[in-house]
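Keep in mind that the numbers below use all heavy atoms, side chains included, and drop hydrogens, waters and symmetry copies.
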Amino acid sequence: MFILGNKYIFIPMDLMRAWLLEHLLPVRQAIKQLSFVDMTGLYTQLFSKRELALSWTGGDAELPPHWSVICEQTREALAGAKLPYEDATPFLYLMEAVQGFHTITRFNPFTGQYL
């Protein structure tokens with residue numbers, strides 16, 4: 001049933017569903033494209049360009065001695081859908097900075113409660 005002004009118009013559900021899919025599908029696709037951030041791809045980019053890493057230091061500090069090896073190992077792990085333990089904290093930091101959620105940093109392992 002559909003209301004048009006003061007009149008009720010009966011439209012079969014299949015017809016209404018088809019109309020909604022036709023008109024709302026592009027809207028839903030646009031919303032999905034806006035809300036998706038490829039965090040793994042973004043994190044991988046951080047280890048793909050040496051100039052980008054140098055820009056983080058502000059020109060005052062140097063990269064670690066084996067930076068190219070670190071980058072290669074990180075990229076290989078991410079390509080295999082694995083996140084190395086040492087990358088968990090920087091990955092969550094980046095995710096928080098980009099998506100805006102807050103990670104819990106204080107946890108008491110003795111009581112099992114978040115502080």
Side-chain angles (χ1 to χ4, degrees):
M1 182 169 61
F2 184 70
I3 301 172
L4 181 62
N6 293 335
K7 298 180 180 181
Y8 292 101
I9 299 173
F10 292 98
I11 300 174
M13 287 301 290
D14 292 339
L15 182 61
M16 185 173 284
R17 184 175 293 124
W19 184 87
L20 285 172
L21 285 175
E22 178 184 344
H23 289 85
L24 293 181
L25 188 61
V27 174
R28 290 181 66 188
Q29 289 174 344
I31 290 170
K32 283 183 181 181
Q33 288 177 350
L34 292 175
S35 66
F36 178 74
V37 177
D38 182 12
M39 291 305 303
T40 305
L42 184 60
Y43 192 71
T44 302
Q45 284 182 6
L46 297 176
F47 294 96
S48 298
K49 299 177 183 175
R50 184 175 180 83
E51 299 80 24
L52 183 60
L54 287 171
S55 70
W56 304 333
T57 65
D60 298 335
E62 295 180 11
L63 296 174
H66 302 290
W67 181 249
S68 60
V69 175
I70 293 169
C71 291
E72 184 179 336
Q73 289 176 349
T74 301
R75 287 192 308 265
E76 287 176 4
L78 292 172
K82 295 182 181 180
L83 183 66
Y85 178 77
E86 59 271 8
D87 286 319
T89 301
F91 185 83
L92 286 174
Y93 180 80
L94 177 67
M95 186 180 279
E96 181 178 341
V98 171
Q99 295 180 341
F101 75 91
H102 182 68
T103 56
I104 298 171
T105 57
R106 297 178 57 200
F107 178 76
N108 187 340
F110 299 108
T111 61
Q113 295 179 351
Y114 295 100
L115 304 174

Original post:
Should Leu46 and Leu94 be marked as a side chain to side chain contact (heavy atoms under 4.5 Å, CB included) after you check the CA-CA gap, both sets of side-chain angles, and the distance that decides it?
Top reply: CA-CA 10 Å; Leu46 297 176; Leu94 177 67; 3.8 Å; yes

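- Nearest heavy atoms, Phe47 versus Cys71: O-CB, 3.4 Å.
- When all heavy atoms of Ile70 and Pro64 are compared, the closest pair comes out as CD1-CB, 4.3 Å.
- With values rounded to the nearest 0.5 angstrom, Leu83 atom CG is found 6.5 Å from Tyr43 atom OH.
- Here the closest non-hydrogen pair linking Met39 and Met95 is CE-CA, 3.3 Å.
- From Thr74, atom OG1 reaches atom CZ of Phe91 across 12.0 Å, with rounding to the nearest 0.5 Å.
- The distance from atom CG of Leu78 to atom CD of Gln73, rounded to the nearest 0.5 Å, is 12.0 Å.
- For the residue pair Gln45 and Leu52, the shortest heavy atom distance occurs at O-CD2, 3.9 Å.
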